[in-house]
Number of protein chains: 2
Amino acid sequence: MKAQRLWDEGTRKRLIEAAGEVFARRGFRAATIREICRRAGASVSAVNYHFRDKDGLYAAVFEYSHRWAVEKYPHDMGLEENATLEERLRAFIRSFLLRGLGDGFPAWHGKLIAQETADPSGVLSKVAQTAIRPMDEYLEGIVRELIRKANPSREPNESAVQLCRMNIVGQCIFQMHARRFMKIADPEELSPPQIVALADRICRFSLGGIRAIAVEGQS
Amino acid sequence: MKAQRLWDEGTRKRLIEAAGEVFARRGFRAATIREICRRAGASVSAVNYHFRDKDGLYAAVFEYSHRWAVEKYPHDMGLEENATLEERLRAFIRSFLLRGLGDGFPAWHGKLIAQETADPSGVLSKVAQTAIRPMDEYLEGIVRELIRKANPSREPNESAVQLCRMNIVGQCIFQMHARRFMKIADPEELSPPQIVALADRICRFSLGGIRAIAVEGQS
DNA sequence: GACAGATTCTAACACATGTTCTATTTTGTG
DNA sequence: CACAAAATAGAACATGTGTTAGAATCTGTC
């Protein structure tokens with residue numbers, strides 16, 4: 001029997017890493033296979049050989065970065081079981097921003113998602129669902145309980161939950177987009193402590209917003 | 001002397017309108033001249049004749065939609081001089097969302113800006129500044145006064161002002177992106193009353209967030 | 001009607017991109 | 001070493017894009 005090398009650790013990995021960087025920065029459409037292969041030190045046909053086509057490479061990058069990101073920055077950031085709702089929300093926002101700001105590895109996943117929200121590639125029907133839906137539902141649960149806690153007299157309004165959830169995600173994703181938009185070509189990225197500080201302020205802002213929405217309709 | 005027609009009201013206008021629709025939906029790069037011309041019922045060389053090139057057409061569309069949008073939905077939405085800060089913020093968010101959601105004319109401007117935040121075209125160096133900077137500074141002033149009002153004991157923290165401003169803009173822009181992202185190909189757009197209702201809830205959320213940020217650091 | 005200028009159309013060009021084909025090199029194994 | 005499979009490199013192909021050239025048509029004015 002032939003000892004077929006099931007997982008090439010050379011070109012395949014270099015391609016994924018180069019592609020992650022380029023896809024995160026340019027988006028799926030604007031990224032070119034030639035630039036990716038140039039950075040990976042491979043020929044253009046390598047992507048066809050290892051991933052079939054550009055879509056396959058993109059899907060592999062997304063899955064790779066997703067697996068890596070949730071392992072390093074899980075939604076609850078390793079909170080205790082008895083953590084408060086406020087702590088859970090803060091942990092979630094921290095993980096979301098840590099996965100999308102900064103440079104290199106950790107930031108791919110968030111930047112890819114940010115690119116997808118602005119210009120969906122359409123090749124992530126299945127992968128994106130399994131990656132994004134659980135995240136959404138996790139946040140949704142926290143928000144619903146926060147609204148319930150802020151206004152126990154009635155059941156949380158469903159549209160209010162959705163609004164708060166979208167507002168929180170919108171604030172985070174805008175942070176990922178904003179730096180490129182504000183000033184062109186700004187290589188300086190935030191350090192992890194800066195990202196955590198930013199996350200905590202967004203959490204504070206959002207908690208105030210959630211409480212204001214929770215009491216909506218009451219004089 | 002020949003009665004030169006200084007401003008063609010036919011093809012030129014049809015091109016701008018078709019281009020506005022396509023640019024708003026696809027973004028600058030993904031939009032193709034051929035699709036624009038097909039919708040406008042013109043040949044591909046028409047854009048060269050009337051606007052020199054794709055960049056010129058884009059700039060003309062942006063200027064056109066900007067002029068139209070601020071005329072129909074000014075930042076203060078025609079508020080009285082003695083309007084409260086809260087009313088001003090609500091009016092601003094209403095105008096921003098009315099300029100970016102919905103379909104047809106009014107929504108171009110906001111959708112173009114949303115596309116620019118996610119993937120700057122680079123051809124709007126001057127035009128974009130004159131269009132976006134005043135909007136930012138107007139919102140910034142409102143936010144600063146709201147923070148001062150919520151915590152008169154000290155001068156508003158500048159980074160807190162910037163954070164709140166970005167959070168508000170981020171919520172609005174995410175609304176423009178989210179609909180395409182959530183469900184693929186959803187033609188149903190919000191009606192103006194629905195947009196106003198959404199704006200008011202985002203305003204309520206943001207006022208709660210601003211107050212929470214204003215008292216930051218105080219036990 | 002004639003004519004000059006404005007406008008439009010068709011066709012082509014130059015270029016970039018994703019993909020594929022084929023030859024070549026490398027790698028593991030007997 | 002020999003050989004088959006895996007992996008790579010480079011060129012070529014098909015397609016879509018922005019742009020341009022030149023012919024054809026329309027428009028207003030004398």
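Numbers restart at 1 for each chain; the letters A, B, ... are given by sequence-line order, proteins then strands.
Near-neighbour residues of DNA chain C inside residues 55-65 of chain B, defined by a heavy atom below 4.0 Å, are absent. Only Ala42(B), Ser43(B), Val44(B), Ser45(B), listed by number, bring a heavy atom of residues 38-48 of chain B to less than 4.0 angstrom from any atom of DNA chain C.
Taking the side chain as every heavy atom from C-beta outward, Trp68(B) and His109(B) never approach each other to under 4.5 Å. Between Phe174(A) and Asn167(B) there is no side-chain heavy-atom pair separated by less than 4.5 Å. Side-chain contact between Arg12(B) and Phe51(B) is present, with heavy atoms from C-beta onward closer than 4.5 Å. Side chains of Arg26(B) and Gln115(B) form no contact here, defined as non-hydrogen atoms less than 4.5 Å apart.
With hydrogens and angles ignored, the 3.5 Å screen pairs a side-chain donor or acceptor of Glu116(A) with a backbone N or O of Ser121(A). At distances below 3.5 Å, not a single donor-acceptor pair connects side-chain atoms of Arg144(B) with backbone N or O atoms of Glu158(B).
A parallel orientation is assigned to the rings of Phe62(B) and His66(B), their planes being inclined by less than 30° (bins at 30° and 60°).
Taking atom CZ on Phe51(A) and atom P on dA6(D), their separation rounds to 17 Å, with Å as the unit. In this structure, the CD atom of Glu35(A) is 13 Å from the C1' atom of dT17(C), given to the nearest Å. Atom CZ of Arg29(A) and atom C1' of dT17(D) are 15 Å apart (whole Å). As a whole-Å value, the separation of Arg12(A) CZ from dT8(D) P is 11 Å. Following rounding to the nearest Å, Tyr49(B) (OH) and dT27(D) (C1') show an atom-to-atom distance of 11 Å. Put simply, CZ on Arg26(A) is 12 Å from P on dG18(C), counting in whole angstrom units. Atom P of nucleotide dT8(D) and atom CD1 of Ile36(A) are separated by 16 Å, given to the nearest angstrom. Atoms CZ (Arg34(B)) and C1' (dC9(C)) sit 14 Å apart, rounded to a whole Å.
Relative to the six-membered ring of Phe23(A), Lys111(A) misses at least one condition, a distance below 6.0 Å or an angle of at most 45° to the axis.
Phosphate proximity of dT8(D) to His50(A): present, with a side-chain N or O under 4.0 Å from OP1 or OP2.
Here Ala31(A) lies in heavy-atom contact (under 4.0 Å) with sugar-phosphate atoms only.
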Identify each donor-acceptor pair in which a side-chain atom of residues 42-49 of chain A lies under 3.5 Å from a protein atom, sequence neighbours left out, and give them as a table.
| from | atom 1 | to | atom 2 | distance (Å) |
| --- | --- | --- | --- | --- |
| Ser43(A) | OG | Ser45(A) | OG | 3.3 |
| Asn48(A) | ND2 | Arg52(A) | O | 3.0 |

